[in-house]
Amino acid sequence: MRTSWADSVSNSAAEIAISDKNSLPRPTRSTYVPPHLRSGSISDLSGPVTGTNGGSRWTGSDGGGTKPELRRQGQANSYATAGRDAAAGGGGGGGGRNNRSGGWDRREREVNPFGNDDKIYDIKQNFSEQENSGINFDAYEDIPVEVSGENVPPPVNTFAEIDLGEILNQNIRRCKYVKPTPVQRHAIPIALAGKDLMACAQTGSGKTAAFCFPLISGIMRELYAQRSHVGRTVYPLGLILSPTRELSCQIHDEAKKFSYQTGVKVVVAYGGAPINQQLRELERGVDILVATPGRLVDLLERARVSLQAVRYLALDEADRMLDMGFEPQIRKIVEQMNMPNRGVRQTMLFSATFPREIQRLASDFLSNHIFLAVGRVGSSTDLIVQRVEFVLESDKRSHLMDLLHAQRENGNHGKQALTLVFVETKKGADSLEHWLCMNGFPSTTIHGDRTQQERELALRSFKSGKTPILVATDVAARGLDIPHVAHVVNFDLPNDIDDYVHRIGRTGRAGKTGLATAFFNESNLSLARPLAELMQEASQEVPAWLTHYASRAPYGGNKNRRSGGRFGGSDFRREESIGKNLDYYSGGNSGNAYEGLVDIAGGYAPGVTSAWD
DNA sequence: AAAAAAC
């Protein structure tokens with residue numbers, strides 16, 4: 001029984017894959033060029049992407065003066081053919097897409113990220129299993145959708161409608177995805193059409209796959225986009241950035257599953273871990289680089305990575321990536337590191353929340369983008385039961401203890417359900433964790449003062465149930481897909497309602513239900529109004545005392561950018577054009593499949609989405 | 001004020 005979108009493989013299988021990665025046999029020379037390609041002259045390398053001298057894309061100095069030592073693999077005929085080769089386990093079929101990876105057939109070298117769970121070939125046998133794969137798709141029907149922008153491609157209802165190719169389809173089946181989630185149904189066709197995209201979708205609704213599939217598919221399709229390197233500099237074609245190391249790892253793990261046997265190589269780079277291993281991995285070739293910003297800048301400054309060949313840029317948790325703390329770094333990476341300009345590359349931004357001012361800032365990186373919002377009110381799903389309790393600072397620990405005791409007694413055979421406890425500070429995390437352990441609740445903690453090793457150990461220990469309580473700072477607030485989290489406790493509430501949305505989104509994933517409890521007191525007054533509104537929109541019970549605090553809170557005091565208190569899903573261009581009494585889309589919108597608000601999934605007539613609008 | 005992100 002699975003609860004996660006991509007991590008449909010059992011934890012143990014995933015761990016095997018991780019440990020195998022460390023013992024992978026490596027080619028003795030990363031720059032090996034197979035004999036049949038050695039005769040390839042440099043003039044063969046002057047394609048649109050790989051041409052160092054005449055190539056229009058590479059205008060930097062990387063190749064200047066030195067003789068470029070580019071690898072180029074045989075042209076693929078079609079990836080469908082490669083897929084048959086791969087499925088048959090056949091040896092080096094000439095021209096297969098898999099040959100991209102370095103000229104020699106490395107399929108046997110590729111760790112199967114699905115481990116022992118790889119049973120896709122008997123589709124019929126697996127069909128009933130798929131239907132029970134733990135993804136509750138019914139929970140995603142009736143979902144309001146807003147799309148704006150020019151020439152929006154229509155959504156699809158099945159993966160079969162999307163021409164992703166046979167290999168990707170096999171991986172989709174291996175992941176036990178039966179049909180696309182709403183964000184996937186809309187975002188994948190938009191991305192495949194080459195459009196820039198800003199996409200808001202609820203936590204846990206399958207965003208990673210929504211940007212990974214088009215990236216992988218696009219890289220497979222582009223015959224001229226051959227992987228290459230100049231000296232020790234590698235040139236990824238796709239770049240995926242995320243705000244935390246653990247999230248980058250998670251995206252990498254999922255992307256590895258999606259790209260299995262496609263020949264598309266995914267590499268991850270993040271701080272806190274020895275750089276040498278990451279460098280070696282990069283040297284072996286990279287098509288899609290998943291990274292945190294700091295380590296990427298390091299790699300760029302060492303000239304071990306160049307962004308000149310990037311055709312796809314995806315920012316996960318994009319509003320976080322563009323907030324005050326990250327924006328300068330992102331701007332440096334995107335604007336000052338030889339990355340092709342917007343409009344040349346394709347840019348996709350994903351998040352569950354998208355404050356209007358961040359949308360405005362993000363438009364610097366986008367070219368005529370399509371805005372997509374998929375989700376129910378509040379962007380907190382109504383799969384999560386939200387509770388708020390008034391708890392004085394001094395009572396928080398004993399109150400938490402009461403909750404944990406009750407939970408243990410109600411739980412399965414006295415086993416503690418996985419509980420994620422968010423606190424404000426790193427010190428507070430350590431001290432609460434220590435206190436819980438002293439009081440008989442096996443706990444661990446994850447925050448930025450711990451070593452990366454400790455952080456990853458904590459996460460594993462929590463996932464496995466060894467320490468069923470994880471005390472965390474906001475490092476764990478976004479994106480992490482931890483199956484079976486039954487309860488999120490906001491021991492300390494965040495100051496920003498968007499952070500609250502992301503935190504509680506660690507439960508209630510993949511269509512499963514979850515519980516979120518918040519401890520509210522007088523130090524959280526600024527959150528009273530947005531929290532009350534959010535809960536009300538999600539049809540949650542709002543305590544009278546909270547309504548009271550909310551009514552006394554000053555208007556506009558918080559940076560609630562939700563006009564009318566709605567879920568953070570509305571195109572800032574639309575709002576601003578309304579404000580200026582201008583129709584931003586007067587020219588281009590007429591040909592749209594959807595104009596304005598259309599409920600595609602729910603079967604409502606247009607205009608009946610007022611509750612959400 | 002706090003958190004995250006390179007060495």
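All values reported here derive from a predicted model rather than from experimental measurement. Chain naming here is simple, since letters A, B, ... match the order of the sequence lines and numbering starts at 1 in each.
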- Message: By the 4.0 Å heavy-atom rule, please label Val297(A) as base, sugar-phosphate, or nothing.
- Response: nothing
- Message: Is the phosphate of dA2(B) approached by Thr473(A) (side-chain N or O, under 4.0 Å from OP1 or OP2)?
- Response: no
- Message: Does Arg320(A) reach a base, just sugar-phosphate, or nothing at all? Heavy atoms under 4.0 Å.
- Response: nothing
- Note on the structure: Applying side-chain hydrogen bond (donor to acceptor under 3.5 Å, both in side chains) to Arg342(A) and not counting sequence neighbours gives none
- Identify whether any heavy atom of Arg455(A) sits under 4.0 Å from a base atom; if not, whether one sits that close to sugar-phosphate; answer base, sugar-phosphate or nothing. sugar-phosphate
- Message: Expressed as a whole number of angstroms, how long is the span from Gln452(A):CD to dA5(B):P?
- Response: 7 Å
- Query: What's the CD1-P distance between Ile275(A) and dA5(B), to the nearest Å?
  - Reply: 15 Å
- Note on the structure: When rounded to whole Å, the CD1 to C1' distance for the pair Ile333(A) and dA6(B) reads 11 Å
- Phe326(A) CZ - dA2(B) C1' separation (whole Å): 14 Å
- Note on the structure: Of the candidates dA2(B), dA5(B), dA4(B), the side chain of Thr425(A) sits closest to dA2(B)
- Task: Kindly point out which of dA4(B), dA2(B), dA5(B) is positioned nearest to the side chain of Glu246(A)?
- Result: dA5(B)
- Query: Who passes ring-ring contact (aromatic ring centres under 6.0 Å, His included) against Phe441(A), sequence neighbours left out?
  - Reply: His405(A)
- Would you please confirm or rule out a distance under 4.0 Å between OP1 or OP2 of dA2(B) and any side-chain N or O of Lys427(A)? no
- Query: So, do Phe371(A) and Phe354(A) have ring centers that fall under 6.0 Å from each other?
  - Reply: no
- Let me know the distance between CE of Met324(A) and P of dA2(B), rounded to the nearest Å. 14 Å
- Which part of the nucleic acid does Gly325(A) contact within heavy-atom distance under 4.0 Å: base, sugar-phosphate only, or nothing? base
- Query: Just how far, in rounded Å, is C1' of dA1(B) from CG of Asn524(A)?
  - Reply: 14 Å
- Query: Between Arg245(A) (CZ) and dA3(B) (C1'), how many Å, whole number?
  - Reply: 13 Å
- What's the verdict on side-chain contact (heavy atoms from CB on, under 4.5 Å) for Leu432(A) and Leu400(A), showing C-alpha distance, side-chain angles and the deciding distance? CA-CA 10 Å; Leu432(A) 181 59; Leu400(A) 176 63; 4.1 Å; yes
- So does Asn495(A) reach the base of dA1(B) with its side chain, donor to acceptor, closer than 3.5 Å? yes
- Note on the structure: Distance col, row Arg311(A):CZ vs Leu215(A):CG, nearest 0.5 angstrom, shows 10.5 Å
- Query: To the nearest Å, how far apart are Met321(A) CE and dA3(B) P?
  - Reply: 19 Å
